[in-house]
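A short write-up of the structure that comes next.
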Amino acid sequence: MTTRMQRADLTTAARLLAQQWTTLRTWLGLLLDDADDDGLWALPHSPSALPGLTVSELVAHLGRAMDALAVTRPAEPGTVPLTLAEYLGTYPERATEIAQVTREIAAEISDAPLPAVDAMAAAAFARLAELGPDDLVVQARRAPITLSDMVVSRLIELVVHGDDLARSVPPRPGEHAVDPEALQFVAESLLAIVVTRGGWSLELVDPLLWVRLATGRVPYDVDQLAVALRPRFTSDSVPDLGRMLPLL
């Protein structure tokens with residue numbers, strides 16, 4: 001299974017973003033229905049699988065991730081955008097700030113969290129409809145980026161944090177927090193970053209494991225990497241990516 005090496009087209013990225021949001025939001029609704037009268041938010045202090053954030057804070061972060069799309073605007077003519085890899089590379093230096101803002105949002109929306117997150121997602125999709133269907137350079141909160149790459153970055157957020165939530169509160173059989181097609185696309189997008197930097201020819205074997213390795217959700221291990229990826233040509237081997245990962 002090869003990876004997409006070209007930049008994602010806006011139509012595909014937008015479709016998958018909507019698809020992943022629907023899958024994740026449906027699961028959150030089922031989770032809420034299964035909880036007690038206070039729902040998921042009766043567990044505000046329960047730690048999530050993502051160190052430093054509770055389950056409720058992690059859900060609030062989904063709203064923040066979508067709000068980042070809602071506030072984008074067309075960039076000034078001639079603006080040079082960051083690549084997707086460069087944009088994702090700004091995350092680590094902002095980790096403390098992101099966590100703090102996430103906690104503040106969770107506190108602000110604690111009385112009605114899901115409606116608040118729904119409103120942020122609706123605003124994001126409305127903004128995307130206004131800016132599209134043609135691709136363009138937009139000014140995001142932190143840096144300029146193409147609209148297509150901005151949408152891909154939001155898709156990465158929803159897939160990665162959807163998986164974080166699923167590891168925190170495992171879905172029941174038949175329930176899903178991550179859309180399979182969206183997961184495949186995100187895995188390919190993250191692999192494309194690695195391949196572009198290193199010039200290797202690699203294929204996906206286990207998309208979910210690769211996403212977890214690429215984003216630091218599981219400790220880096222060369223044996224696990226060999227399970228997640230394989231060389232396209234039998235004469236090659238899977239490179240040691242320890243100095244390159246995590247990507248965000």
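The figures here come from the full heavy-atom set of this structure, side chains too, leaving out hydrogens, waters and symmetry mates.
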Check your understanding: What residue pairs, at least two apart or across chains, pass ring-ring contact (aromatic ring centres under 6.0 Å, His included) with a residue in residues 214-248?
Key -> none

Review point. Which pairs pass ring-ring contact (aromatic ring centres under 6.0 Å, His included) with one or both residues in residues 159-179, sequence neighbours excluded?
Key: His61-His161

Review point. Got a sec, which residues hit side-chain hydrogen bond (donor to acceptor under 3.5 Å, both in side chains) with Glu93, two or more places apart in sequence or on another chain?
Key: none

Exercise for review: For Arg73, check side-chain hydrogen bond (donor to acceptor under 3.5 Å, both in side chains) against everything at least two apart and list the hits.
Suggested key: none

Practice item. Using the side-chain contact (heavy atoms from CB on, under 4.5 Å) rule, pick out the option among Val194, Leu241, Leu213 that qualifies with Leu247. Key: Val194

Review point. Is the backbone N or O of Asp179 less than 3.5 Å from a side-chain atom of Gln20, with the two atoms forming a donor-acceptor pair by type?
Key: yes

Review point. Partners of Asp67 by salt bridge (Lys or Arg N to Asp or Glu O under 4.0 Å), sequence neighbours excluded?
Key: Arg141

**Study point:** Partner residues of Ala85 under the side-chain contact (heavy atoms from CB on, under 4.5 Å) criterion, sequence neighbours left out
**Key:** Thr83, Ile193, Arg197

Point to revise | Thr11 side, atom OG1; Asp134 side, atom CG - distance, nearest 0.5 Å | key: 9.0 Å

**Study point:** Pair listing, ring-ring contact (aromatic ring centres under 6.0 Å, His included) test, anchored in residues 67-90, at least two apart
**Key:** none

Review point. Can you name the side-chain hydrogen bond (donor to acceptor under 3.5 Å, both in side chains) partners of Gln224, sequence neighbours left out?
Key: none

Practice item. Begin from the C-alpha positions of Thr215 and Leu190 and carry the test side-chain contact (heavy atoms from CB on, under 4.5 Å) through to its verdict. Key: CA-CA 9 Å; Thr215 59; Leu190 295 175; 4.1 Å; yes

Point to revise | Arg64 vs Glu104, salt bridge (Lys or Arg N to Asp or Glu O under 4.0 Å): CA-CA, chis, key distance, verdict | key: CA-CA 11 Å; Arg64 172 180 165 77; Glu104 292 172 357; over 6 Å; no

Practice item. Any chance you could measure Ile156, atom CD1, to Leu88, atom CG, to the nearest 0.5 Å? Key: 5.0 Å

Review point. Heavy atoms, side chains only, cut-off 4.5 Å: are Thr54 and Ser48 in contact?
Key: no

Practice item. Apply side-chain hydrogen bond (donor to acceptor under 3.5 Å, both in side chains) to Arg212 and list each qualifying residue two or more places apart in sequence or on a separate chain. Key: Asp163

Review point. Who passes salt bridge (Lys or Arg N to Asp or Glu O under 4.0 Å) against Arg127, sequence neighbours left out?
Key: Glu130

Exercise for review: With sequence neighbours excluded, give me every ring-ring contact (aromatic ring centres under 6.0 Å, His included) pair touching residues 96-119.
Suggested key: none

Exercise for review: Return each pair, listed once, that meets salt bridge (Lys or Arg N to Asp or Glu O under 4.0 Å) where at least one residue sits in residues 114-123; pairs must be two or more places apart or across chains.
Suggested key: Arg25-Asp118

Check your understanding: Just how far is it from atom CZ of Arg103 to atom CD of Gln100, taken to the nearest 0.5 Å?
Key -> 6.0 Å

**Study point:** Thr79 (side chain) donor-acceptor with Glu76 (main chain) under 3.5 angstrom
**Key:** yes

